[in-house]
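Everything numeric in this text was worked out from a predicted model, so none of it was measured. Atoms considered below: every heavy atom in the structure, side chains included; atoms not considered: hydrogens, waters and symmetry mates. Atoms within each ligand, like the ligands themselves, are counted from 1 in listed order.
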Amino acid sequence: MSLSVSRRLAAVTAFAVAGLFASTAPAALAAPSAATAAPTPPDIPLANVKAHLSQLSTIAANNGGNRAHGRAGYKASIDYVKAKLDAAGFTTTLQTFTSSGATGYNLIADWPGGDPNSVLMSGAHLDSVTSGAGINDNGSGSAAVLETALAVSRAGLQPTKHLRFGWWGAEELGLIGSKHYVNNLPTAERAKFAGYLNFDMIGSPNPGYFVYDDDPTIEQTFKNYYAGLGVATEIETEGDGRSDHASFKNVGIPVGGLFTGASRTKTAAQVQKWGGTSGQAFDRCYHSSCDSLTNINDTALDRNADAIAYAIWNLGASTPVPPGPSFENTADVNIPDSPAAAVTSPIMVSGVAGNAPATTKVDVNIVHTYRGDLVIDLLAPDGTAYRLKNSASDSADNVIASYTVNASSEVANGVWKLQVKDVAAQDVGYINSWKITF
Ligand code: TRP
Ligand code: ZN
Ligand code: CA
C-alpha cells in the first residue's frame with residue numbers, strides 16, 4: 001500500500017470516527033460538545049475555468065459558430081463536459097428529449113456517496129443561442145460548475161448530502177431541458193432535493209454581483225461568501241424565473257443562484273460599488289455573435305466560481321462554516337507522553353463584536369503516532385471547556401479534523417486555547433496548527 005493511499009484511509013477513518021462521536025456522544029456529555037464541520041472550500045483555479053471556455057469556443061468555431069439546441073455544437077459541448085466528469089469518477093447520465101423537432105440532451109452527473117435522501121444539485125444551461133458561441137451565456141456557468149465538480153473529485157469530498165450536477169439543453173427555447181428533467185422526476189425523488197443552485201451568466205463583461213432572492217439559506221450562503229470578499233451584492237431582478245432554477249422552484253424545490261447581468265444597464269450607483277461602465281449593459285453581447293472569449297470579466301468569473309465551491313462545500317455539509325474571521329496558531333506545541341499534564345496552544349482573538357457563533361468552527365491539525373491517546377478540548381477565554389474529542393482505541397495517526405462548537409454563550413474576544421492531553425503511554429506527537437473561525 002502506497003503512502004498516499006494509507007494517508008487517505010487514515011483521513012477517511014478520522015471523518016467516520018468524528019461523525020460517530022457527533023451522532024452518539026453529545027447528549028451524554030457534561031461539557032458542551034462539538035460536531036464535524038464543513039471542510040474548507042477550495043479556491044477554484046480561474047485558468048481551469050477559462051480553459052473550459054476555450055474548448056467551448058473552439059467547439060462553436062468548428063460547428064458553424066454556435067452551440068445551440070439541435071446543432072452539432074451542442075452535442076459536442078455535452079460530449080466535452082461528459083468526458084471530463086467520467087474521467088473524474090462521476091456517474092453520468094445523458095438524458096434525451098425532443099424539442100422543435102430536434103433531439104436535446106441534459107447531462108446529469110452524480111458524485112458517489114452522501115445521503116441519497118438529501119440531494120444538493122448545481123446546474124447550468126449548456127446551450128447557446130444560434131447567433132454566437134455563448135461564452136458568457138452560458139459557457140460561464142457551465143465551465144464554472146464543471147470545474148467545481150472536478151474540484152469535488154480532486155478533494156475526494158464526502159459531504160453529508162449527495163451531490164449532483166446538471167447541464168441543461170434548450171434553455172434558450174424556454175427552459176425546455178430542465179423542465180423535462182424535473183417533470184420526469186418521480187414525486188418521491190423531488191422530495192429528496194435539499195436544493196438546486198443555478199448559474200447562468202456569471203462572467204458578464206461589465207459585471208454586477210447578483211444573488212437570487214429565493215431560498216433564504218442558499219441566498220445567505222452566497223451573501224456570506226461575498227461579505228468575506230468585502231464585495232457588495234444586490235438581489236437578482238432582471239427577469240425572475242428566466243433561467244433553469246424556475247423549473248425546480250415550480251415544483252417546490254429550494255433554489256438559489258448567481259448572475260452578473262444581461263442586457264439591463266449598469267447604473268452610476270452600481271458603478272460606485274462594483275466599478276465598470278455606467279449607462280452600459282452588463283453584457284452588451286447578450287445573445288449576439290460577440291458573446292465570445294473576450295466577452296468575459298475574469299474577476300467576476302473567478303469570484304463566482306469560488307462562490308459555487310463555497311456554497312457546495314458549506315451547503316453539502318450538515319453544519320455550515322460561519323461567515324466571520326478566522327484566527328490561527330501555527331506554532332508547534334509538543335504533546336508529552338502520558339502521564340503528563342495537558343498542553344495548550346493559545347489564540348488571541350480581537351475585533352470580533354459580541355459572542356462567538358453557535359457554529360464556531362475549530363480546525364485541528366495534530367501530528368501524532370496514535371491519536372486514540374488524545375483528549376482534545378477548546379477552552380473559551382473564561383476557561384469553559386468544550387470537548388472536541390475523547391480518547392478511544394483508535395489506532396490511526398494524526399488528528400486532522402474540523403469541529404463545530406456552539407460557543408454562543410462565550411464572548412468572542414480574548415484568548416482561546418486548544419487543550420490536548422495524552423492519556424495513554426507510548427505514542428507521542430505535537431500540535432501542528434489550529435484555527436478558530438467565528
Ligand atoms: N437565462 C437568460 C438567457 O439565457 C438570461 C437571463 C436573463 C437570466 N435574466 C436572468 C439568467 C436572470 C439568470 C437570472 O437568455
Ligand atoms: Zn441566453
Ligand atoms: Ca501516548
Side-chain angles (χ1 to χ4, degrees), residues 53 56-57 60 65-71 73-74 77 99-100 104 106 121-145 166-182 195-215 218-219 222 233-250 253-266 270 281-292 295-297 300-301 303-305 307-308 311:
L53 289 182
L56 294 176
S57 173
N66 68 64
R67 302 180 303 100
H69 168 72
R71 309 295 182 94
Y74 182 72
S77 300
S99 182
S100 305
N106 293 327
M121 187 167 195
S122 305
H125 79 85
L126 186 56
D127 63 314
S128 71
V129 291
T130 53
S131 43
I135 298 304
N136 185 37
D137 180 16
N138 183 31
S140 62
S142 295
V145 172
W167 287 263
W168 311 119
E171 187 268 358
E172 300 290 3
L173 280 62
L175 321 181
I176 305 294
S178 57
K179 276 183 197 163
H180 179 84
Y181 174 75
V182 170
Y196 171 73
L197 313 180
N198 193 62
F199 304 98
D200 184 359
M201 303 183 73
I202 59 168
S204 303
N206 186 28
Y209 293 92
F210 300 104
V211 177
Y212 298 4
D213 174 23
D214 287 294
D215 177 71
I218 299 172
E219 180 184 345
F222 287 125
T233 60
E234 289 185 14
I235 298 304
E236 186 284 302
T237 59
E238 192 176 352
D240 202 15
R242 277 180 62 186
S243 191
D244 298 297
H245 58 294
S247 305
F248 289 80
K249 188 177 174 175
N250 284 342
I253 293 170
V255 302
L258 298 171
F259 178 57
T260 50
S263 49
R264 195 178 273 182
T265 301
K266 201 182 229 184
Q270 288 169 326
F282 294 105
D283 183 355
R284 284 194 291 179
C285 292
Y286 176 61
H287 285 190
S288 304
S289 59
C290 61
D291 187 5
S292 64
N295 192 42
I296 288 288
N297 180 285
L301 184 62
R303 288 171 174 169
N304 282 329
I308 296 171

Verify side chain to side chain contact (heavy atoms under 4.5 Å, CB included) between Thr260 and Asn297, making sure each step is shown before the conclusion.
CA-CA 10 Å; Thr260 50; Asn297 180 285; over 6 Å; no
His69 versus Glu171, side-chain donor and acceptor atoms under 3.5 Å
no
If the condition is salt bridge (Lys or Arg N to Asp or Glu O under 4.0 Å), which residues does Glu238 pass it with, not counting sequence neighbours?
none
Mind checking what makes side chain to side chain contact (heavy atoms under 4.5 Å, CB included) contact with Ala124, not counting sequence neighbours?
Asn138, Ser142, Val145
For Asn295 and Asn136, test the side chains for any donor-to-acceptor distance below 3.5 angstrom and give the result as yes or no.
no
Decide whether Arg264 and Thr237 meet the rule of one side-chain donor and one side-chain acceptor closer than 3.5 Å.
yes
Looking only at the side chains, is there a donor atom on one of Asp200 and His125 sitting less than 3.5 Å from an acceptor on the other?
yes
Scan side-chain atoms only and decide if His287 and Asp137 contain a donor-acceptor pair under the 3.5 Å cut-off.
yes
Report all protein residues having a heavy-atom distance below 4.0 Å to some atom of ligand 1; order the list by chain, then number.
His125, Asp137, Glu171, Glu172, Asp200, Met201, Tyr212, Glu236, Glu238, Gly239, Arg242, Ser243, Phe259, Tyr286, His287
Ser243 and Asn198 side chains, donor-acceptor separation under 3.5 Å
yes
For the Zn ion (ligand 2), which protein N/O/S atoms are closer than 2.8 Å?
Asp137 OD2, Glu172 OE1, Glu172 OE2, His287 NE2
